[in-house]
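Step one of this worksheet: look at the structure below.
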Amino acid sequence: MKLHELQNTYPTISKDCREALRKGVEAAALGESGRKANKTRKARFSLVLAIVLLLALIGAAFAAAQMGLFDYLFYGQEPSEGMTASAQTVTARGGADDVEVTITGAVYDGERVALSWSAENKKPESLALIQLKSISLGGEWLDEEVGAIGMSFTGYDHCLPAVFGRQEATWSRNPVHGGMISSPMKQQGLSGQQEVVMQVRVSRYQKPVLVWTDQLAEGSQEEPPEDMDVDLEWWAQVQAEHRGDTLAMFQAMRAANITVVDRDEKSAKWWWEQGYIVLNEGGDLIFPEDCEDTGWYWEEGSIVYDPEGQMEAPAYFQSLSKDTGNFTIRFSVDADEGKAFRKDAWTPKVVADGSDPEAARQWANGQQIDLPDCTVRMQRLCLTPLSTRIQFQMIPQENTEAAMLELRDTYGWLEITDENGQELDFAGMEYAYESPWLHQTAEGKWVVEWDWTMAGLKSFPREIHLGARAGSSEEDLPNQEQEEAFAAFAEKMIFAQP
């Protein structure tokens with residue numbers, strides 16, 4: 001069975017399992033066939049087997065509960081020991097207007113939270129739009145950093161059933177399964193049980209939906225690229241599978257009462273004028289060919305149609321759908337779970353080994369590291385199975401905006417390696433990387449601030465080495481001044497556990 005098929009298992013033992021276990025324990029206590037056991041040893045042995053079976057099933061239920069979370073985070077790859085130990089079983093549900101969302105798993109690593117969920121529209125003949133309006137942990141409101149399969153980023157609606165987009169035949173369009181990873185939290189050092197609060201909105205379209213597509217015709221398959229040597233038999237097989245997925249998608253759309261028409265039949269504008277909401281096969285709004293006609297205008301990257309010229313663009317968009325329900329899901333995560341797999345007590349190597357008293361003094365004075373062209377102020381250095389978080393400011397020796405810009409131009413790109421010069425053992429998961437942020441602090445300091453939030457780690461290094469390059473490509477060659485700056489940076493920016 002594939003991982004995404006296992007996601008359909010909820011993190012609870014079924015009623016039938018509980019009943020079978022109850023009967024098994026009773027049979028063990030009474031002996032075979034319901035008679036009292038005449039051999040105490042046999043009864044105890046049977047009872048032990050039943051208890052072992054119970055524990056095994058509980059473990060299997062936990063593993064199945066986390067399967068959706070791991071499949072979301074690692075795309076079917078084996079999770080690390082630290083991630084498995086950090087994962088928490090959650091069973092929290094909420095719903096409105098025949099839509100139910102179930103949270104199935106969570107990981108909190110002290111930096112951010114990752115969740116897996118299942119969402120189902122129990123009235124699938126009518127498209128539901130679901131939106132995660134907000135999420136908080138320990139009272140702090142969070143942003144979604146990386147969204148997932150078919151649900152939503154904060155501020156976006158997504159359709160349920162998930163009829164838009166080609167998928168494998170085994171992929172579930174209703175219910176849908178996915179997850180999210182939050183942005184890094186401002187709060188640090190949380191402990192104990194912390195409440196997570198999610199607010200979800202449900203809405204439905206107020207006009208009939210129509211998909212305007214060029215994929216209906218049998219000959220709509222793509223031809224192989226002329227400049228590539230492609231095995232035509234293989235290409236035909238791929239196109240046949242692609243065609244099958246396309247037809248299955250249109251079938252799912254029609255089951256949700258969506259009209260599907262060929263583009264050559266009528267223009268998108270004509271269908272809009274008939275009262276339809278016109279989308280493409282990906283679920284995006286389709287706009288008319290001639291946007292200069294009266295009633296069509298451009299607003300925030302989209303062309304909208306208001307034949308009477310009476311509506312502002314936001315009001316027009318709101319008129320396409322109507323809120324039909326709001327609900328809140330509450331549950332708790334243990335902030336202490338998985339602390340053994342959290343590494344955040346990193347100090348400069350020369351401080352950790354006691355070889356440089358001056359560096360130790362600088363580090364004690366606000367976790368600072370002096371370099372020839374700037375002072376580095378470390379703010380965050382934390383490794384977990386879910387996150388690699390590195391945050392620091394580079395403060396130029398001359399406190400001017402020009403010096404800050406020059407510093408930014410010198411350090412075009414930073415890299416992180418282990419004690420052997422190898423890339424860290426990153427888990428194969430989505431992450432967001434932030435470019436340097438140039439700003440003036442509340443203290444009036446001009447700074448180049450680096451804030452990396454990268455994938456978690458499968459294993460941890462003994463040392464962390466930060467280095468610099470002239471640009472994002474190895475082909476970007478440094479000048480002599482940069483080479484000297486990079487050498488000083490690499491020498492001082494080595495971190496070890498105390």
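Excluded from the calculations below are hydrogen atoms, water molecules and symmetry mates; all remaining heavy atoms, backbone and side chain alike, are included.
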*Evaluate the side-chain contact (heavy atoms from CB on, under 4.5 Å) criterion for residues Val447 and Arg377: first the C-alpha distance (whole Å), next the side-chain angles of each, then the deciding distance (0.1 Å), finally the verdict.*
CA-CA 10 Å; Val447 300; Arg377 181 184 295 165; over 6 Å; no
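- Enclosure of atom NZ in Lys339 by more than 12 non-hydrogen atoms of other residues, nucleotides or ligands within 6.0 angstrom is indicated.
- Side-chain contact, Ser116 with Thr104: a donor N or O sits under 3.5 Å from an acceptor N or O.
- Donor-acceptor pairing under 3.5 Å is recorded for the side chains of Gln391 and Glu449.
- Side chain of Gln194 to main chain of Ala335: no donor-acceptor pair is present (N/O by atom type, distance under 3.5 Å, no hydrogens or angles).
- Within the 4.5 Å cutoff, the side chain of Leu137 has no heavy atoms near those of the Ser182 side chain.
- Side chain of Asp98 to main chain of Asn121: no donor-acceptor pair is present (N/O by atom type, distance under 3.5 Å, no hydrogens or angles).
- Contact of the Cys382 side chain with the Arg342 side chain is registered, since non-hydrogen atoms from C-beta on lie closer than 4.5 Å.
- The structure places CD of Glu195 at 5.0 Å from CZ of Arg330, a figure rounded to the nearest 0.5 Å.
- Under the 4.5 Å side-chain criterion, counting only non-hydrogen atoms from C-beta, Lys122 is in contact with Glu120.
- We find the OG1-CZ distance between Thr410 and Phe486 to be 7.0 Å, quoted to the nearest 0.5 Å.
- Side-chain N or O atoms of Asn399 include one that pairs as donor or acceptor with a backbone N or O of Gly444 at under 3.5 Å.
- Looking at Glu419, its side chain never comes within 3.5 Å of a backbone N or O of His465 through a donor-acceptor pair.
- Within 6.0 Å of CD on Glu483 lie more than 12 heavy atoms contributed by other residues, nucleotides or ligands.
- Salt-bridge formation is detected for the pair Glu415/Arg469: a Lys NZ or Arg NE/NH1/NH2 atom is positioned less than 4.0 Å from an Asp or Glu carboxylate oxygen.
- Separating the CG atom in Leu383 from the CZ atom in Phe495 is a distance of 11.5 Å, to the nearest 0.5 Å.
- The main-chain N or O of Ala455 is found under 3.5 Å from a side-chain atom of Thr388 such that the two form a donor-acceptor pair.
- Ser459 contributes atom OG, which lies 12.0 Å from atom CZ of Phe341 (distance to the nearest 0.5 angstrom).
- Under the 3.5 Å distance criterion, the side-chain polar atoms of Glu463 are left unmatched by any main-chain donor or acceptor of Ile494.
- One distance of note links NZ of Lys133 with OG1 of Thr328; it measures 8.0 Å at 0.5 Å rounding.
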*Does the pair Met404 and Val448 meet the rule for a side-chain contact (heavy atoms from CB on, under 4.5 Å), with working shown?*
CA-CA 6 Å; Met404 175 192 68; Val448 179; 3.8 Å; yes
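- In this structure, Phe392 and Trp450 have parallel ring planes: the angle between them is below the 30° cut-off, well short of the 60° mark.
- With Glu484 contributing its side chain and Glu481 its backbone, the two residues share no donor-acceptor pair below 3.5 Å.
- Between Val202 and Phe327, some side-chain heavy-atom pair lies under the 4.5 Å cut-off.
- Put simply, the side chain of Asp109 gets close to the backbone of Arg112: a donor and an acceptor are under 3.5 Å apart.
- At a threshold of 4.5 Å between non-hydrogen side-chain atoms, the residues Val176 and Trp117 count as touching.
- Atom CE of Met180 is separated from atom CG of Leu132 by 6.5 Å, given to the nearest 0.5 angstrom.
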_Audit row: Phe489, Asp373, side-chain contact (heavy atoms from CB on, under 4.5 Å) steps and yes/no_ = CA-CA 10 Å; Phe489 185 90; Asp373 56 356; over 6 Å; no
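- Between the Glu111 side chain and the Arg389 main chain, no donor and acceptor come within less than 3.5 Å of each other.
- For CD of Gln480, the number of neighbouring non-hydrogen atoms (other residues, nucleotides, ligands) closer than 6.0 Å is 12 at most.
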*CA sep, side-chain torsions, deciding dist, call: Ser203, Asp323, side-chain hydrogen bond (donor to acceptor under 3.5 Å, both in side chains)*: CA-CA 4 Å; Ser203 58; Asp323 288 3; 4.5 Å; no
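- Panel note: side chain Glu337, backbone Ser86; no donor-acceptor pair is recorded below 3.5 Å.
- Counting non-hydrogen atoms of other residues, nucleotides and ligands closer than 6.0 Å to CD of Glu81 gives a total of 12 or fewer.
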_Show, in sequence, the C-alpha distance, side-chain angles and deciding distance for Leu466 and Ile390, and conclude whether the side-chain contact (heavy atoms from CB on, under 4.5 Å) test is met._
CA-CA 10 Å; Leu466 296 182; Ile390 303 174; 4.1 Å; yes
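- Between Trp437 and His439, the angle of the ring planes stays under 30°, which puts this pair in the parallel group of the 30/60° scheme.
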